[in-house]
Structures are given as structure tokens and as C-alpha cells.
Amino acid sequence: MEKDQQTKEQEIYKFWEKEGLFSADPDSNKPPYSLLMPPPNLTGDLHLGHAMQHAILDAVTRTKRMQRFDVLLLPGVDHAGIQFEGTLTKLLEKEGLSKHKLGREKWLERAWQFKKDVYKSFHNTWTVMGISADWSREVFTFEPRIQKAVFEEFKTFWEQDLLYKGAYIVSWCPKCGTAIEDVEMEYEERRETLYFVRYQIEQSQAKSDFVNYQIQDGDEFITIATTRPETIFADTGIAIYKNHPKFSKFAGKNAINPLNGNVIPIFEDKRVDKEFGTGALKITPGHDPLDYEIGKDHALPILHVIDKTGRMTELAKDLAGLKIDEAEKEAAKKLERSGSLIKTEELIHSVPICERCKTTVEPLVSEEWFLKMEPLAKKALGRIDEINFYPTNYKKILTDWLEKIHDWCISRSQWWGHRIPVWYCSKCNPGHAVGKSKDMVVSFEEPGKNLPAGKQDCQTCGEKHWEQDEQVFDTWFSSGMWPITTLGWPEKTKEIKRYFPWDFELTSPEIKYLWIARMIMLSLRFKDNVPFKNMFFHGMLRPLTGAKFSKSLGNAVYPDELIKAWGTDATRMTLYTYSAPGRDSRTSKQLMDERAKNFRNFSNKLRNIAKFTIELKPEDSATEMSNHEDDKWILEELNKTIEQATKNIEKFELHLATEELYDFIWHKFADIYIEKSKSRREEAQPTLEYVLETSLKLLHPFMPFTTEELWQKTHPGKSIMAEAWPTT
RNA sequence: GGAUCCGUAGCUCAGUUGGUAGAGCGUUCGAUUCACAUUCGAAAGGUCACAGGUUCGAGCCCUGUCGGGUCCACCA
């Protein structure tokens, strides 16, 4: 696109803003229509998926405005805890810096600086794309007002006994240094070694001298299969399935841990898979979720041989300090030396990895906060029918998930996020235990910070030694409140009364559980209503291989490049062709370019139609539309187009609406009608003008800049945005 | 293992109450001083994955098969 054009577009954008055309007016007597922008994560530039989302949102927004609604398109940005920290960490690594070198205060300074940079880039893209959001109402999920709201959220849950804190097995990312949720994990197929290890059955005589342990003739053994010999140090039992033909005779006896000589019980448990390995399972409650469950039921102790940084603990004796994969090899060698390793096999299985940093996730026991989800999910299930899903099958997908809901681990061991508003007395409660005890307080600020001694002291020791919980909330704990905090909750604002529930929300299917399901549950909990009436899931744009676009693979297509090459409107039109609800599309830079080029040609066609109609208007033109059959025909076609386009926008089928308009304007209006009109130009002129103006209005939601520019030719100083949507 | 979506022209995809197969790009042929070569006209190209069924009629509805994607669960 030419420089001039870009400048022109920026002038148009400023003109719209100056005229206040983006602003919602809660005092208006027009009916309200509200759209909620999914806040992009504060991590970098906006990608193609964002561009498509925002283009869709903006088209619906502009149509509704022209249909005389008081429209609110509310924009914002998500502070994106884990993802933001990951991005910033990479940035700092390049400078040889790290979180711990900088310290909390300096690090947060850098974080806010980085936030500023990303904001600049976001706003630039939004402006360039012509997004007509009400910027005066923009929200950042980490701003002070939202911090207050998140505190209210937590406090309410606390008062209703829906929160608990405790040591549970969680999925831990050693690189991010925090617990993560199942929904934040991916799986990767890996070729691994399956080790068959035999454990000696403890004889009735005294425990053998383990240091000089040698297998004797006549010893009895139980053999298990494991991919993780390094965790044997933390074994506290062996489970076999019921009536195991070879091993059931050992149930009730003890086995000797081949790595440290600990005596561990053998017992039956129905959760052991008959088909896998030997039918006997070593139980390591500290490092495996299933083992944790089994261990709990059999009252086994929990040992830790891997720490939160992914290294072996003192429990591993001479292997302490090793990384997990090194420890695996060393442990296998030890087992081999003692004759405990029977054989190895190759096993292909999928390993959980952190969605953000791709590090292998370790199941670990950690102190975390949890939110009880069952009551929330139940309510959501009862009212999910009130939402129209596009495509409709997403209702079932979400329903299935809600039916199998599990408690939500809401704490993260990070710095970038809403700090958990809980204070412990360091004197009476140094372990930060949680209960209804008097040495723990839920408070937004330090309790009694500005009060004289004696006020808000610890009620156990009568002194003031408060320290805040170190952890922060999962990002989604605040994002889940997005539909109501954006409108001022917990205050009872006129905005929330008027614009909630939202008429339209859209997102990528990737975050349907993380975000959409949570918004539904939380909105029902705090506002007793579903968050939105229409929930639109767009498809994913993928590379031709069908995988995923990724920055690191270098196959990503950037909206800015398309805009530079073909113009904003052409890029927007290209994105609409991919916007069928729930349909993934394969594409590439080349295919996007081809399509965008075509729409660039279309906007050129539109300019030429305008030039022909307006600039080359004959002097002695008629003033009334004629009844000529060609005129009647094009008006009929125009009416059909108005109907179709309106209907398809109503159903959020923008790919159909744009196709309809494209076909009408180019192939009916230009190719047929205009050609024929040349022989009776004066008579046709009023119809030409009418069809052009109506076409510009219909096209405006999709191609805002070109249509505004052409509109100005005949309506200087007046915006097409303020025009009424055409009807038949 | 469970769920879900998809399989339409060489490529990427539309095709929503079932009624004679569409777009863009690509290919071939032709036109063009008259708004536009960022153009116009025309052509070639499809047993709509396969097999049954419902129907006067199926790309669309039902059943099954094959192939691909995605999500969830499990993965010692």
C-alpha cells in the first residue's frame, strides 16, 4: 500500500475518534448492544488470529451502530501471568539477566516497562486496522481497580467456604517454577525406556545388611515396570491387581527398595492395570498423581526425591543435585549393578509438557490454593442453554467438561499477577497454615497498616507481624471475571445494568475451558446471569501442514505485512473469508497474499465505480430514478443483497455476507448494470448514485476506510458511520 | 478408550429449513483509446471419500466403512 493511503487512513481514524463515533452512551435512549473484546495476552505483537477476531468484532460493531443501537465495544488487555513471565524471561536472558539477579522490585519495574512497549504495539495495530472500540473504557486486567475486584472475588469465595489451601499433588513446571493446570499442558509422544526392576521380598528373618546386599539363591522377588527408575528412592509401596496369578501371594508382605533398602508394603489395588508391564506397580506418591491417590488410600508416606527446580534431593544420596534425566541413567546403572534390573523395553508414550515453555511437567506435592468448583459448575450446567453458541456443538463440548469438573488450583508461584490477599502472623503462624485460626487474615492491604497498635493485631499473640502469602493468582482467576469487572463490578454501575450480559463474545476454541467456561461459572456466581447471549468460536488459521503457526518455526504470517502490502480493507476482507464459525483453515503467506491481492483489486474496482458515478457525472442527468427495466433489475438485486447481507451478519456468517456484497458490487453492479447504463447514462444516473451509496453503506463494516473515503466525496465532513443501515 | 469436526474443481475453501454443483487463485483462448490491464468476455476442469438407507428428489438427513484434524481421559 502506498504511503499516502496509510496517512489518509490514519486521518480518517482520527476524524472518527474526534467525532466521538466510537463511544458508547449509557444514557442514550437507543437500545444497547454490547461486544466484549477478548483481551489479548500481554506478550508481543498481535498475530493473524487476533487480527481476525478484531476484524469480526469490528464488523459486527459497525453494523449494529448503523442499525441504530447504542453500541459498546469494550477493549482491553490481559496481564497473562505465566505467558508474560516467560516472554520477559527470554528477553532478560538476552541481556544476561534473570528474575533472581534483579530481585522482585527491579524485575517488576522492567515488567511494567515491557508492558508499556507491548501496549504501544497493540494500539498501533488496532488503529491501523480501524478497530472502532470505545477506548475511553479500556481495561487492563492488572490495573488497581481490577485488583480490588479480584480481592472481592476471593473474599466472597473465602466467606462461602469454597477455598482451601493444602499440600496436594499438582502438575509443576520446573522452568516456570510454578504449579499449572491440566488445561495448561500439552502432550508429546516420546520414545522412552521401560525398566523392569525386581524388588526382593522381605524374609521373615531380620532385614539384611543393605550395604552389602547380594541376591541369594532362594530369594523371592516381585518385578515391576517403570519408566522412572530415579523415583524409586521415593517409593513407599507396591501395588498389584486383585488375584494376580504370580504375585498375589505377596500381598501383605513387604518388599525391599533396591535403591535404599527401605521396607515397603505390598498390597492389592484395583487401579493397577492388568495389561501393563508385570501387573505390579511401584507406588511413588510424591511424584505421580495415580500413586498419590493409591498412596492416600493405603496411608503410605509421601517422599520427595525431586525438588521444584527439577533436581534430585538429598533422598537420592549420591545422586542428589543431578537433573532428572541424568539421575534416570545413574539409577538404572545402580539397579543393574545390584542385579535388580531384569530387562528393558522401549515404550512410546505421551509425556505432559508445559504449554508455554514446553518443559516436561513434573507431578509434585506442593502447597497451593484451590477453589471448589462443583457448585459453580452445577449452576452453569443449569443455565448454559441461555447462550447461543456458534457453532452450536460447542455447548455440548462445554457441558461435558463441566460435568467432569475438578477443583481449580488458583495459585501460581510467580511475581506477575494479583497477589493472594491473605496475611499470616509470622510469629504464631510461620508455616502459613490456613484455617479459621486467628493468626491468618484475608485482607486487601496489610491488616491495620494505618491503624495504631492494638488495632488489627494478630488475635493470638496480640502483636503485629503480618506477612503476605507469596503466591499470585492464576491469570484466569481474574480473566474469568472479565465480563463483569470491565463494567465496574463490584460497584453497581449503570454500565453493568445496561450492557451485561454481553450481546456478543468471540474467541478461539483453544481457551474454551480456561476462559469461556470460567466466565460462565463466575458470571453466574457473581451476577446471577450468563455472561453473553451469543458466543462465537472462530476457527484456527493453520499452516498448510495442518499444525500450528509458530513464531519459532518461522511460518507465521503477520497481519502488519499483509496490511502494508495490500491495505487494511483488503486484509480485513481476506480475514472474513476465513471467519466461518468453528472452521479451521489451512493457509500460507502466499495464499493470504493471493486473496488479499484480489480484495485490493476489489477496492480499486470500488474506487473506479465511484469515479465513474461521481466524478464523471453528466451535466444534464435526470433527478428521479427511472422505471427502466435495467434500473428495476439492479434495484431488485440490491434489495436481495441487503436482505442476504443483513441476515448473514445477524447470524455472524461474515464470510457469506462479504461474498454476497463482493459478487453484487463487482459482477452485477459493475460488470452488468454499469456497462448497460452507458447507453442511457443521464437517465440511469440517479440509480447509479443510489446503488453506489447503498453499496458503500453495506460494505462499510468490512471495509471501513475505503467506504468512508468515497463517502466523503459526496458528503464532506459527514461520516458514513453515522448513516443508517440500508433496509428494503 | 471417549467426544467432536472435516473429506466438494490442480490448490485453499464456500455451499444452514433437501430441489438442475460455486468463489478466489491457477490453466487455456480472446478483447481492450470509451471508470478500471489492480480490466473485460469466454472455456476447460467435479461419479461432492466409499457403501447402503430415507425421499418424487440427497453435497446436505440416517447407518456403516475408510482417511485426516482437534479436544478430553489414560499412559507404570
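The chains referred to below are lettered A, B, ... by the order of the sequence lines, with proteins before strands, and numbering in each begins at 1. None of the values given here were measured: they were computed from a predicted structure.
- Nearest to the side chain of A/N393, among B/rG15, B/rG69, B/rC5, sits B/rC5.
- In the set B/rA35, B/rG24, B/rU38, B/rA35 carries the atom at the smallest distance from any side-chain atom of A/I674.
- In summary, the side chains of A/T278 and A/K246 do not present any donor paired with an acceptor at a separation below 3.5 Å, with no hydrogens or angles considered.
- In this model, the phosphate group of B/rG24 is approached by a side-chain N or O of A/H667 to a distance below 4.0 Å at OP1 or OP2.
- Between A/I672 atom CD1 and B/rC40 atom P the separation is 12 Å, expressed in whole Å.
- Counting any heavy atom pair closer than 4.0 Å across all strands shown, A/D671 reaches sugar-phosphate atoms only and no base atom.
- Distances from the side chain of A/L616 to the nucleotides B/rA35, B/rG15, B/rA23 place B/rA35 closest.
- A straight line from CZ of A/R586 to P of B/rA14 spans 12 Å, rounded to a whole angstrom.
- Within the model, atoms CD of A/Q644 and CG of A/L661 stand 10.5 Å from one another, a figure rounded to the nearest 0.5 Å.
- With rounding to the nearest 0.5 Å, the separation of NE2 in A/H538 from OG in A/S579 is 10.0 Å.
- Listed nucleotides B/rC40, B/rC74, B/rG69 differ in distance to A/W666; the shortest reach to its side chain belongs to B/rC40.
- Of the candidates B/rC74, B/rU70, B/rA35, B/rC74 carries the atom nearest the A/S350 side chain, counting heavy atoms from C-beta on.
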